Amino acid sequence: MIILGIETSCDETGVALCSDFKILSSFTKTQSIHQQYGGVVPEIASREHEKYLPSITKKVLEDANKSFKDIDAIAVTNGPGLMGSLLSGISFAKGISQALNIPIIPINHLEAHLNSVFIEHAELEAPFINLLVSGGHTQLWLVKNMFEYELLGETLDDACGEAFDKGAKKMNLNYPGGPEIEKIAKNGDMNLINFPRPMINDNTFNFSFSGLKTALINCVNDNKYSYEDIAASYQEAIVDTLISKFEKAMNQYSANSGIICGGVAANKRLRYKLDKLDQKIIYPSMKYCTDNADMIAFLALHKVNNNKIDFDKDFSAYSRGMIV
Ligand code: KG4
Ligand code: ZN
C-alpha cells in the first residue's frame, strides 16, 4: 500500500510517500517568508501552503518514480495547528482523494510526532519518554506502546521554542531565535545571570516559560550585561528546566529510552546536558524532529495496518486538542 502524506499544520509544507513502512520520497519546504516578520504570520502561511503543495507533490511523486495512479490512500494532518494552514492541506488532500477515488485518513499532528521515532528505530521498545520541544509545544509524553500514550505534563503558557524566539526578538536577533541565541551564547557566560528555573521544584511535569521571558526582557532593559552573557544564561535556564523534568519522568516511569523531538532538539547545549544523564537518549534525525509529512504518512500506514481508521471523508480541522 502506498500512502501520500500531507503536513501543513504551521509553516512547513511537507509531502511524503510511504510504502511498506519505508519513506519512498519526501520533501519539506520551510517558509522563509516569515523571517522578515519575526514570527509566523498565519494568513501568509496558509497561502504559501496552497501555492506550493501541487509542485511539491509532483516532485515527491517524480522522485519516487510514481504517479498519482499509484497512490492507494492519502493522509493529512487535521490538527492541532493553525486553522488556515490545516485547511489548505486538508482541501488539497480532499481534492486528490475525490479525484482519484481513494480513502483519506486524518492524522493528529502530535501523535505523528510521538511515533516518528519508529521511522528510523523500528526496534525501539516501549515504554519511552518523549520530550516534544518546538515553537508551538513543550510536552512530556509517556509512550506505553504505539497507539497508547499519556501526557505527563506540558507548558502552562509559552512553548520553550517561543521563549527562544521572543527572547531573541528582544535582543534584535533574527527569527527563528533558537539558533541565533545558541550562536551568540557561545561567547557568553552561562553562569553570570541567575535566571529563574520555573517550576523546577514542583511535583508536576508541567513547564512555564513566560516568567523567564519577562526576566530576560527586564534584564535587557537594565542594560547591565552583554547580549552574549544574557543569551548564554537564558539558554542555560531553559535547558536546565527541560532536563530536570525529563530526568524525573525517565526515573519515575523506568523508561527504556528518552526521545527528544521538535525544533529545539537541535540545541547543542541541551544535547550536551542530556548526554550527561545516565539514560539512553535517542535523537531522531533533524528532518524527523521538525514538522514533516513522513511522520504523517508513516503513522497512517500503521493505523491502516492495525485497523485503527474509520474512513470518514467528512472531517475538518481543529486548532487545539489532544490525541483522540
Ligand atoms: O519544530 P519546529 O521546527 O517548528 C514548529 O514549532 O512548528 O520548531 C521551531 C522552534 C523555533 O522556536 C526555533 O527557535 C527552535 O525550534 N529552534 C531552536 C534551535 N533550532 C530551532 N531552539 C534552540 N536551539 C536551536 N538550535
Ligand atoms: Zn510539530
Side-chain angles (χ1 to χ4, degrees), residues 5-14 28-32 34-35 37-42 45 48-49 77-82 85-86 89 107-117 130-139 141 154-155 158-171 173-186 190 209 212-213 216 231-232 234-243 259-274 283-296 299 319-323:
I6 308 276
E7 156 62 36
T8 61
S9 63
C10 189
D11 61 339
E12 261 91 22
T13 313
T28 306
K29 182 183 190 305
T30 299
Q31 301 175 355
S32 50
H34 303 287
Q35 275 170 8
Y37 304 105
V40 177
V41 182
E48 290 281 295
H49 290 310
T77 307
N78 69 322
L82 299 174
S85 288
L86 291 165
I107 292 289
N108 178 291
H109 181 80
L110 299 172
E111 187 174 12
H113 267 306
L114 293 185
N115 286 290
S116 64
V117 66
N130 192 313
L131 176 64
L132 174 53
V133 275
S134 70
H137 300 284
T138 303
Q139 298 181 327
W141 287 89
E154 64 182 331
T155 184
D158 292 349
C160 66
E162 208 177 342
F164 273 111
D165 295 337
K166 289 180 176 168
K169 197 167 186 179
K170 181 69 188 170
M171 292 188 281
L173 300 171
N174 287 335
Y175 174 85
E180 299 290 315
I181 289 194
E182 180 170 12
K183 196 160 40 170
I184 68 165
K186 285 194 193 114
M190 66 184 86
F209 291 102
L212 175 57
K213 178 193 65 192
L216 173 131
Y234 186 63
Q235 173 177 262
E236 198 64 6
I238 295 176
V239 166
D240 281 350
T241 307
L242 295 174
I243 298 263
I259 322 293
I260 316 296
C261 65
V264 180
N267 187 276
K268 293 200 185 57
R269 184 68 190 160
L270 175 63
R271 288 182 178 225
Y272 175 82
K273 292 195 108 170
L274 284 167
Y283 304 100
S285 306
M286 273 321 287
K287 68 172 177 175
Y288 295 133
C289 282
T290 54
D291 291 348
N292 63 87
D294 309 41
M295 65 184 187
I296 305 302
L299 177 60
S319 56
R320 294 180 162 270
M322 275 301 139
I323 298 173

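Note that this is a predicted model, so its numbers are computed, not measured. Counting starts at 1 for both ligands and their atoms, in listed order. Scope of the values below: all heavy atoms of this structure, side chains included, with no hydrogens, waters or symmetry mates.
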Contact check: G161 vs ligand 1, nitrogen or oxygen atoms, below 3.5 angstrom: yes
Close N or O approach (E182, ligand 1; < 3.5 Å): yes
L270, V264, N292: member with heavy atom nearest to atom 15 (C) of ligand 1: V264
Protein heavy atom at shortest distance from atom 3 (O) of ligand 1: T290 CG2, 3.3 Å
Euclidean distance, F164 CZ relative to Q235 CD, rounded to 0.5 Å: 5.0 Å
Per-atom contacts of ligand 1 with G177, taking only distances under 4.0 Å to non-hydrogen atoms: 14 (O)
Within-cut-off N or O pair, P176 and ligand 1, under 3.5 Å: no
Beyond-backbone contact of I238 with R269, side-chain heavy atoms, under 4.5 angstrom: no
Heteroatom count (protein N, O or S) under 2.8 Å of the Zn ion (ligand 2): 3
Polar atom proximity, D11 to ligand 1 (N or O, under 3.5 Å): no
Nearest neighbour in protein (non-hydrogen) for atom 10 (C) of ligand 1: G135 N, 3.5 Å
Atoms in ligand 1 with a heavy atom of G136 nearer than 4.0 Å: 6 (O)
Atom 24 (N) of ligand 1: the protein heavy-atom neighbour that sits closest, reported with distance to 0.1 Å: N267 ND2, 3.0 Å
Value rounded to 0.5 Å, distance of OG in S9 from CG in L86: 6.0 Å
From SG (C160) to CG (L242), nearest 0.5 Å: 4.5 Å
Top protein contact for atom 4 (O) of ligand 1, by heavy-atom distance: E12 OE1, 4.2 Å
Heavy-atom check, side chain of I260 versus side chain of R271, under 4.5 Å: no
Side chain to side chain, T8 and T77, heavy atoms closer than 4.5 Å: no
Close-contact set for ligand 1 against D165 heavy atoms, below 4.0 Å: 11 (C), 12 (O), 13 (C), 14 (O)
Contact check, side chains of V117 and C261, non-hydrogen atoms, under 4.5 Å: no
Any N/O pair G178/ligand 1 closer than 3.5 Å: yes
Pairwise distance CG(N267) to CG(L274) - rounded to 0.5 angstrom: 9.5 Å
Side-chain touch K213/Y234, heavy atoms, less than 4.5 angstrom: yes
pair W141-I259: side-chain heavy atoms closer than 4.5 Å: no
Under 4.0 Å to a heavy atom of D291 - the qualifying atoms of ligand 1, by number: 7 (O)
G263-ligand 1 polar pair, N/O distance under 3.5 Å: yes
Nearest-0.5 Å distance that lies between atom CG in L173 and atom CD in E180: 6.0 Å
K273/E236 ion pair, N-O < 4.0 Å: yes
Interatomic spacing from NE2 in H113 to CD1 in I296 - rounded to 0.5 Å: 7.5 Å
